[in-house]
Protein chains: 2
Amino acid sequence: MKADLKEHIQKIIPLTDEEFAFVNSHFSTKKFKKHQFLIQEGDPVKYSYFVISGLLKLVYTDSSAKQHIVSFAMEDWWESDFYAFYTQTNATMSLECLEDTEVLCCTLDDYKKLCSGLQKMERFFLEKATFGFLGSQRRIISWLTSNSKERYEHLLQQYPSLFQRVPKSLIASYLGVSRETLSRLSS
Amino acid sequence: MKADLKEHIQKIIPLTDEEFAFVNSHFSTKKFKKHQFLIQEGDPVKYSYFVISGLLKLVYTDSSAKQHIVSFAMEDWWESDFYAFYTQTNATMSLECLEDTEVLCCTLDDYKKLCSGLQKMERFFLEKATFGFLGSQRRIISWLTSNSKERYEHLLQQYPSLFQRVPKSLIASYLGVSRETLSRLSS
DNA sequence: AATAATAAGTGATGTATATCACATCAGGAA
DNA sequence: TTCCTGATGTGATATACATCACTTATTATT
């Protein structure tokens with residue numbers, strides 16, 4: 001299972017077995033069932049998660065109790081309420097399983113030790129953060145330049161598997177349109 | 001002028017004079033006049049920029065030649081077409097002066113040397129990338145949860161000075177509404 | 001198997017926003 | 001000055017999308 005993490009890191013930076021043992025010691029494994037919460041809005045955020053298997057949704061609930069999908073997290077993705085995690089404040093979002101899910105967990109303390117103890121890991125996280133930023137920027141550009149139908153088709157093309165795994169109402173919420181509109185777009 | 005950079009870095013990580021001299025040696029200074037381009041769509045992106053004074057717009061031009069403001073960059077901000085910069089590909093966006101602007105320039109090569117040569121700088125850039133990501137995520141959430149008027153008011157409250165410095169048509173483009181709609185919102 | 005809950009499609013209607021057209025005003029260049 | 005360009009406001013109209021209401025199909029629960 002933890003072999004997944006090693007491979008994931010190696011895509012960016014090669015690690016010796018010894019180095020990986022060090023990395024490994026900063027993670028713990030947890031399993032969750034569908035519908036379980038890894039993070040609940042209002043609670044402290046203890047971990048940053050690396051998804052080994054399964055699927056999660058990161059949800060922001062607005063003042064009128066409407067839920068918005070901020071992101072999905074599938075195999076090989078990192079997810080958390082990162083703002084709350086880094087600043088050690090309470091969660092403003094929730095993280096919930098859409099399928100049975102297995103994750104590796106890393107506390108902020110372990111994250112910092114990992115970065116200080118092994119410069120390669122700081123490099124690794126820098127690369128992750130950079131491309132995370134670029135991904136968000138692309139999503140913003142897609143908002144600015146495309147209509148709902150184009151955004152829908154772009155997502156379909158980028159993550160076809162997602163459409164097999166989650167109800168369309170959640171896809172709609174991620175795209176920022178109503179489920180009725182999404183239904184009409186796809187027909 | 002370069003004192004600005006030192007102060008900016010020190011907000012995150014203290015540097016000795018010697019360390020700062022090392023950092024400094026990886027930047028060059030450039031000045032641009034209003035309407036000049038730092039990056040032109042289609043050209044290679046040689047630098048990542050730190051804004052000392054002035055104001056820039058990062059613009060994405062869509063297939064129907066319509067311009068969209070991806071971001072503004074003011075004093076103390078880092079800006080570039082980061083995807084093109086990191087991957088050394090050609091720019092898909094342009095970066096243009098809205099005012100006379102002075103910047104510090106860093107090549108990808110120097111960026112890498114900075115990170116390898118001084119772990120503090122890798123830490124610094126990791127923090128910048130992380131909070132850059134979080135900023136973009138907040139902007140996405142604001143898209144998902146708010147209407148145009150709310151997004152307008154939120155921006156006004158967050159960056160009141162921007163409204164003194166740029167025409168409202170550009171604010172509209174940043175918010176993703178037409179300039180006519182923005183005009184009606186603000187009245 | 002029976003019942004309930006969730007997912008998905010679709011019509012009718014209202015609303016926010018884009019688009020087009022035009023008027024006004026300010027600042028810079030000849 | 002006079003001319004031009006860019007910025008801003010505002011009416012009229014078109015359009016994309018949300019919302020509400022209802023139906024049908026699928027999946028989960030007892």
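Rounded to an integer number of Å, the gap from B:Lys149 NZ to C:dA18 C1' is 18 Å. Nucleotide C:dA18 holds its P atom 12 Å from the CH2 atom of A:Trp143, rounded to whole Å. Atom pair A:Tyr152:OH and D:dC17:P shows a separation of 14 Å (rounding to whole Å applied). Rounded to a whole Å, the CG atom of A:Asn147 is 12 Å from the P atom of D:dA18. We find that CG of A:Leu170 is positioned 7 Å from P of C:dA7, with the value rounded to whole Å. A:Leu182 places its CG atom 14 Å from the C1' atom of C:dT10, with the value rounded to the nearest Å. B:Ile171 has its CD1 atom 12 Å from the P atom of D:dA7, to the nearest Å. Here the C1' atom of nucleotide D:dC17 and the CG atom of B:Leu144 are 15 Å apart, to the nearest Å.
Positionally, the nearest nucleotide of DNA chain C for B:Leu185 lies more toward the 5' end than for the other of B:Leu185 and B:Arg179.
Within 4.0 Å (heavy atoms only), A:Ser178 reaches at least one base atom of the nucleic acid. Across all strands shown, A:Lys34 has no heavy atoms under 4.0 Å from either base or sugar-phosphate atoms. Within 4.0 Å (heavy atoms only), B:Ser169 reaches sugar-phosphate atoms of the nucleic acid but no base atom.
For D:dA18, the OP1/OP2 oxygens have a side-chain nitrogen or oxygen of A:Thr181 closer than 4.0 Å. A close approach under 4.0 Å does not occur between any side-chain nitrogen or oxygen of A:Lys168 and OP1 or OP2 of C:dT6.
Checked against the 6.0 Å centroid criterion, the rings of B:Trp78 and B:Phe125 qualify as a close aromatic pair.
Looking at B:Ser71 and B:Glu79, their side chains do bring a donor and an acceptor atom within 3.5 Å of each other.
Checking each of B:Arg165, B:Lys57, B:Lys34 against B:Glu99 for a salt bridge (Lys or Arg N to Asp or Glu O under 4.0 Å) leaves exactly one that passes, namely B:Arg165.
One finds no salt bridge joining A:Lys46 and A:Asp109 here, because no Lys/Arg side-chain nitrogen approaches an Asp/Glu carboxylate oxygen to under 4.0 Å. Looking at A:Glu102 and A:Lys30, no side-chain N of the basic residue comes within less than 4.0 Å of a carboxylate O on the acidic one, giving no salt bridge.
The listed nucleotides are D:dA12, C:dA12, C:dA8; the one nearest the side chain of A:Arg184 is C:dA12.
No hydrogens or angles were tested; on distance alone, a donor-acceptor pair under 3.5 Å links the side chain of B:Glu180 to the base of C:dC20.
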